[in-house]
Q: 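Dumping the structure here so I can ask a few things about it.
Being a predicted model, the structure only gives us computed values, none of them experimental. Count residues from 1 along the sequence.
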Amino acid sequence: MSISRSQSAPCAGDGAASALVQDYLAAVGREASELPAERRQELVADLAEHIEIACAERPGDCREILRELGDPRAIAATALQESGLGAAPAPGSVPGSAPGSAPGPVPGSAPGSSGGRRGGPRSPAWLVALLPVLAFGCGYLWVPLGFALKVTAAVVLFRSRYWTRGQKWTGFGLTVLAPSLMNVAWFVFSYPNNPSQTAYGTAITATAAVTLAGAALLWRVRGEGRGVAAP
């Protein structure tokens, strides 16, 4: 598993801090190599998200934030134990904790939760890329269904960790916003003028091309938002 040094990385504004974080995430990925690929990627993604939020709240404290998270080996051991693939880490093995002390938050879990995946499982990348295509096809059969699928596609896209923020907005623009505006323009400017079948077919083809281009782009760059290579 590889860690990409993308601009969306935590502490990206500080080159040294960003490199430190990426090395830390890479170490977690190596130590958790026995985890299934999807669970390992989610663990690294959750850590990256936690670090990004912490860095935004505490600029300049990158090293302290990583120290508080703990040793990558202990984090990986905890994840392996939760997945039933390894023994629980020994008390006090995580820096900052002592035998008999209350355990700190598990990286990858939301504040106030009992651990596990942050906010529950996310939709797979293939579904996120497929939904706008289904919305395009179903929209010509029944407009309300097509609209509902577009809304669903936008929601699952922006909730996903497979893409960076910029990639999400680009994908949204190509798969949802642009096709919707093209449809509105057709019904406002062309439809009242009784257009020919050729013009109608051209409009459908253009809308389909934009939608498919957006879905293909999302599929091609999937995994970059996690900071890891997608399977």
Side-chain angles (χ1 to χ4, degrees), residues 1-26 28-29 37-38 40-60 62 65-66 107-108 110 117-136 147 149-184 206-231:
M1 182 185 69
S2 61
I3 306 292
S4 64
R5 299 178 181 268
S6 63
Q7 292 182 347
S8 61
C11 307
D14 184 331
S18 179
L20 188 66
V21 170
Q22 293 300 336
D23 290 342
Y24 180 88
L25 296 176
V28 173
E38 182 178 357
R40 185 172 67 250
Q41 291 170 358
E42 186 165 22
L43 171 65
V44 174
D46 284 341
L47 283 169
E49 182 178 351
H50 175 85
I51 295 169
E52 182 176 12
I53 294 172
C55 286
E57 295 175 347
R58 299 158 52 190
C62 181
I65 290 168
L66 296 183
R117 298 180 178 182
R118 185 192 301 271
R122 297 295 195 264
S123 301
W126 64 263
L127 179 61
V128 180
L130 179 63
L131 275 172
V133 179
L134 292 177
F136 166 78
F147 177 78
L149 287 174
K150 285 184 178 182
V151 172
T152 302
V155 170
V156 296
L157 172 61
F158 282 104
R159 280 178 52 84
S160 176
R161 297 192 184 108
Y162 285 102
W163 294 277
T164 64
R165 185 176 303 173
Q167 290 168 348
K168 289 177 181 179
W169 279 106
T170 300
F172 171 76
L174 289 173
T175 61
V176 177
L177 184 59
S180 298
L181 292 177
M182 293 170 73
N183 286 334
V184 170
T207 306
V210 172
T211 304
L212 291 173
L217 174 64
L218 288 174
W219 182 253
R220 183 172 60 84
V221 300
R222 70 193 187 281
E224 294 184 9
R226 289 177 175 265
V228 296

Q: Holding to side-chain contact (heavy atoms from CB on, under 4.5 Å), I want the full list of residues that pass it with L217, two or more places apart in sequence or in another chain.
A: T170, L174, R220, V221
Q: Can you see which heavy atom on A215 is nearest to which on A129, and at what distance?
A: CB-O, 3.3 Å
Q: Could you pull out all residues at least two apart from L134 that satisfy side-chain contact (heavy atoms from CB on, under 4.5 Å)?
A: L130, L149
Q: Which atom pair, heavy atoms only, marks the closest approach of L157 to G171?
A: CD2-C, 4.2 Å
Q: What's the shortest heavy-atom distance between I65 and C55, and which atoms?
A: CD1-N, 3.7 Å
Q: According to side-chain contact (heavy atoms from CB on, under 4.5 Å), who are the partners of L212, at least two apart in sequence or on a separate chain?
A: V133
Q: Under the ring pair (Phe, Tyr, Trp, His ring centres under 6.0 Å) test, which residues partner F136, sequence neighbours left out?
A: Y140
Q: So which heavy atom on A125 is nearest to which on R222, and how close?
A: CB-CD, 4.0 Å
Q: Assess whether side chain to side chain contact (heavy atoms under 4.5 Å, CB included) is satisfied between L20 and Y24, documenting all intermediate values.
A: CA-CA 6 Å; L20 188 66; Y24 180 88; 6.0 Å; no
Q: Quick one: which residue pairs count as a side chain to side chain donor-acceptor pair (under 3.5 Å) with a foot in residues 172-184, not counting sequence neighbours?
A: K150-S180
Q: Where do L25 and I51 land on the side chain to side chain contact (heavy atoms under 4.5 Å, CB included) test, with the steps shown first?
A: CA-CA 10 Å; L25 296 176; I51 295 169; 4.2 Å; yes
Q: Donor-acceptor pair, distance only, cut-off 3.5 Å: does the side chain of W163 make one with the backbone of L218?
A: yes
Q: What verdict does the side chain to side chain contact (heavy atoms under 4.5 Å, CB included) test give for L47 and V28, after you've listed the backbone C-alpha separation in whole Å, the side-chain angles of each residue and the deciding distance to 0.1 Å?
A: CA-CA 9 Å; L47 283 169; V28 173; 3.6 Å; yes
Q: Output all residues satisfying ring pair (Phe, Tyr, Trp, His ring centres under 6.0 Å) with F158, sequence neighbours left out; order by chain, then residue number.
A: W169, F172
Q: Any idea which heavy atoms bring M182 and V210 closest together, and the distance?
A: SD-CG2, 4.0 Å
Q: Could you report the tightest heavy-atom contact between R159 and K168, atom names first, then the distance?
A: C-NZ, 4.5 Å
